[in-house]
Amino acid sequence: MARYLVGRLVARRLAVPGGEALLLGRIVETEAYLTGDAACHAFRGMTPRNRSLFLEHGHAYVYLAYGTAWMLNVSAGPVGIGTGVLIRALQPIAGLEIMRARRGRVPDRDLARGPGRLAAALAIDRALDGVDLCHPGPLWLGDDGGDGAPSEIGTSTRIGLTRDADRMLRFFRRGSAWLSGPARLNRPDG
DNA sequence: GTATGGATGTTCT
DNA sequence: GAACATCCATACT
């Protein structure tokens, strides 16, 4: 699923002064967190924080990392199995004005380059934990049939881990200007 | 582009 | 009380 999600769309419907905004971004970078994977939050079983990881695939697991940054994950297994995909970076497609306003004075390239930045740009926080991402709502996933050629997806180790850090479970759109992570990991094969 | 250190809040031991 | 799926500013190459 982590590989599949590269090239798909994230859609966010958001109330703004005077109406509603639609924010869109194309996923360019993901990471997989598997069962039996010491880096997966579900590794030691279900807790109040990680329970959304155990929902049927296609639900949001949102949590706060380092006290400052929200992370958007997609549950990826059948009910009761804690496994998921972290969405790490987006190419902004629509609603850039809103994203810029939310992110402050940063280059467009940095609007959603990194999981915490992505969540900040799309106003994602705990309120969206557990939502169904497979149908239109406040937050959902889409597919416009574009930009997902498997041959154009590179792999690397995951970023920022101390445990199970050597597995090739990061997936990214090759050559994208919107990737997070050090340049050495973004080469054709990380 | 790369490397470093501090801020931050929640979770679990 | 330690660990943590990060970000930002700063300094340096």
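Just so you know, these numbers use all the heavy atoms, side chains as well, and skip hydrogens, waters and symmetry mates. Just so we're on the same page: letters track the sequence lines, and every chain starts at 1.
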Original post:
What about the rings of A:H41 and A:Y33, do their centers lie closer together than 6.0 Å?
Top reply: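 Not close enough - the centres of the two rings lie 6.0 Å or further apart.
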Original post:
Taking any atom under 4.0 angstrom from a heavy atom of chain A, which nucleotides of DNA chain C are the first and last to qualify, 5' to 3'?
Top reply: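 Result: C:dC4 to C:dC8.
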Subject >> Nucleotide pairing, DNA chain C (Watson-Crick or G-U, distances under 3.5 Å), in dot-bracket with [ ] and | >> reply: ||||.|||||||.
**OP:** For A:R158, report the nucleic acid contact type (base, sugar-phosphate, nothing); a contact means any heavy atom under 4.0 Å.
**Re:**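 Here A:R158 touches no strand at all.
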**OP:** Establish, yes or no, whether the cationic atom of A:R8 lies under 6.0 Å from the six-membered ring centre of A:Y4 and within 45° of the ring axis.
**Re:**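 Judged by the rule (NZ or CZ under 6.0 Å from the ring centre, within 45° of its axis), A:R8 counts as positioned above A:Y4.
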**OP:** Check whether NZ of the Lys or CZ of the Arg A:R3 lies under 6.0 Å from the centre of the six-membered ring of A:F171 and within 45 degrees of that ring's axis.
**Re:**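 That pair does not qualify as a cation-pi contact.
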Original post:
Under a 4.0 Å N-O cut-off, is there an ion pair linking A:R158 with A:D164?
Top reply: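 Judged by the 4.0 Å cut-off on N to carboxylate O distance, A:R158 and A:D164 do not form a salt bridge.
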Original post:
Looking at A:R103 and A:D110, does any basic side-chain N land under 4.0 Å from a carboxylate oxygen?
Top reply: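 So A:R103 does not pair with A:D110 through a salt bridge.
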Original post:
Which whole-number value in Å describes the distance from A:R49 CZ to B:dC12 C1'?
Top reply: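 Rounded to the whole Å, the gap is 8 Å.
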Subject >> Nucleic acid contacts of residues 67-75 of chain A, taken as heavy-atom distances under 4.0 Å to DNA chain B >> reply: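 Hits under 4.0 Å, by residue number: A:G67, A:T68.
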**OP:** Map A:A39 and A:V106 onto DNA chain C by nearest heavy atom, then report which one ends up closer to the 5' terminus.
**Re:**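 Checking each residue's closest nucleotide, the 5'-ward one belongs to A:A39.
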Original post:
Side chains of A:S52 and A:D129: do they bring a donor and an acceptor to under 3.5 Å?
Top reply: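 Judged by distance alone, the side chains do pair up.
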